[in-house]
Amino acid sequence: MRLRHKPWAEDFIAAHPEIVIANPEEHKGKWHEVFGNNHPLHIEVGTGKGQFVTGMALANPDINYIGIELYDSVIVCAVETILEAGDVPNLRLLKVNGADLHKFFQKNDVKQVYLNFSDPWPKTRHAKRRLTHEEFLKLYESILVDFGEIHFKTDNRGLFEFSLLSMSSYGMLLKDVSLDLHANPPEGNVMTEYEEKFSAKGQPIYRLESQFVKKESL
């Protein structure tokens, strides 16, 4: 996807420090101080325009959420989504690379990770860039609580099959697997922008929930 340059984006982001956290490395291990409570923390890696993470935060006020997005031209849309939603005190954004999560979170900081419609990187030589590759799973495990979970959605069957194999090979427990989410959508399903677009065209949405298992219990 080609990103449209928005020359005003940097200033807009800087004008909303209450939403986009500057210097997030300073809050590693102390995110409860940012939110002013000890509620569990869920993160979305690749939050896009913010529809999903905003919807989740509004629906679950007793959970704290952080949306992670790298590009200025995209994260400004997420900021606008949050501003339009009104008061969302349990939601923040980070403008960082998802490969650097270990710089901003430590073990037990995060309870759940969401991966929604991630870049499939279809070429075999790019497999390590897929957000469900073994190296990323290690990264998520290093910041999650014990038995933390990943919830994953995609419209790409190849990426879904890769993810099933990757997580299973890693020793994760696959708890809920759907090959057509909207054939029987779960209660409270919050859709992303891509999910709305693809499901409206009749394309199946693939979804799974997986859980890390403590190695000594294997």
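Just so it is clear, the structure is predicted and the values come from calculations on it, not from any experiment.
In the hydrophobic clustering of this structure, Val213 does not group with Val145; members are Ile, Leu, Val, Met, Phe, Trp, Tyr whose side-chain heavy atoms approach within less than 4.5 Å, directly or through other members. Hydrophobic clustering (side-chain heavy atoms under 4.5 Å, transitive across Ile, Leu, Val, Met, Phe, Trp, Tyr) groups Leu164 together with Leu131. Hydrophobic clustering (side-chain heavy atoms under 4.5 Å, transitive across Ile, Leu, Val, Met, Phe, Trp, Tyr) groups Val177 together with Leu159. Hydrophobic clustering places Leu174 together with Phe162 (ILVMFWY residues linked when any side-chain heavy atoms are closer than 4.5 Å, directly or through intermediates). One hydrophobic cluster holds both Ile63 and Ile82 under the rule that ILVMFWY side chains link at heavy-atom gaps under 4.5 Å.
None of Glu134, Glu141, Lys138, His133 except one satisfies the side-chain hydrogen bond (donor to acceptor under 3.5 Å, both in side chains) rule with Tyr170; the exception is Glu141. When Val76, Leu93, Val79 are each tested for a side-chain contact (heavy atoms from CB on, under 4.5 Å) with His16, only one passes: Val79.
The backbone N or O of His102 lies less than 3.5 Å from a partner atom in the side chain of Lys28, making a donor-acceptor pair. Using a distance-only test at 3.5 Å, with no hydrogens or angles considered, a donor-acceptor pair links the side chain of Arg130 to the main chain of Pro120. No side-chain donor-acceptor contact under 3.5 Å links Asp180 to the backbone of Pro204.
A salt bridge links Arg157 with Glu161: the distance from a Lys NZ or Arg NE/NH1/NH2 to an Asp or Glu carboxylate oxygen falls below 4.0 Å.
Between Asn156 atom CG and Ser118 atom OG the span is 10.0 Å, to the nearest 0.5 Å. Going from atom CG of Leu137 over to atom OG of Ser163 covers 8.5 Å, rounded to the nearest 0.5 Å. To the nearest 0.5 Å, the span separating OG on Ser210 from CG on Asp176 amounts to 10.5 Å. Summarising the geometry, atom CG belonging to Leu115 is positioned 11.5 Å from atom CZ belonging to Arg207; distances are rounded to the nearest 0.5 Å. Interatomic distance, Ile66 CD1 to Asn90 CG, rounded to the nearest 0.5 Å: 11.0 Å. The distance from the CZ atom of Phe117 to the OG1 atom of Thr192 is 4.0 Å, given to the nearest 0.5 Å.
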Contacts under 3.5 angstrom, residues 36-59 side chains, donor-acceptor by atom type, not counting sequence neighbours:
| residue | atom | partner | partner atom | Å |
| --- | --- | --- | --- | --- |
| Asn37 | OD1 | His39 | N | 3.0 |
| Asn37 | OD1 | Asn64 | ND2 | 2.8 |
| Asn37 | ND2 | Phe35 | O | 3.3 |
| His42 | ND1 | Tyr114 | OH | 3.1 |
| Glu44 | OE1 | Thr47 | OG1 | 2.6 |
| Glu44 | OE2 | Asn116 | ND2 | 2.8 |
| Gln51 | NE2 | Met191 | O | 3.0 |
| Gln51 | NE2 | Glu196 | OE2 | 3.2 |
| Thr54 | OG1 | Gly50 | O | 2.7 |

Worked verdict on Asn60 versus Tyr65 for side chain to side chain contact (heavy atoms under 4.5 Å, CB included): CA-CA 9 Å; Asn60 302 285; Tyr65 291 87; 3.2 Å; yes
Test side-chain hydrogen bond (donor to acceptor under 3.5 Å, both in side chains) applied to Asn189 and Lys153, step by step: CA-CA 11 Å; Asn189 180 54; Lys153 291 181 184 179; 2.8 Å; yes
Side chain to side chain contact (heavy atoms under 4.5 Å, CB included) between Ile150 and Met172, intermediate numbers included: CA-CA 10 Å; Ile150 295 175; Met172 298 183 71; 4.0 Å; yes
Steps toward side chain to side chain contact (heavy atoms under 4.5 Å, CB included) verdict (His27, Glu25): CA-CA 5 Å; His27 304 293; Glu25 64 278 358; over 6 Å; no
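Note: Phe104 and Trp31 fail the aromatic proximity criterion, with ring centroids not under 6.0 Å apart.
In this structure, Arg129 satisfies the cation-pi test against Trp121, with its NZ or CZ atom closer than 6.0 Å to the six-membered ring centre and inside 45 degrees of the ring normal.
Atom NZ of Lys103 is surrounded by 12 or fewer heavy atoms from other residues, nucleotides or ligands within 6.0 Å. The number of heavy-atom neighbours closer than 6.0 Å to NZ of Lys107, taken from other residues, nucleotides and ligands shown, is above 12.
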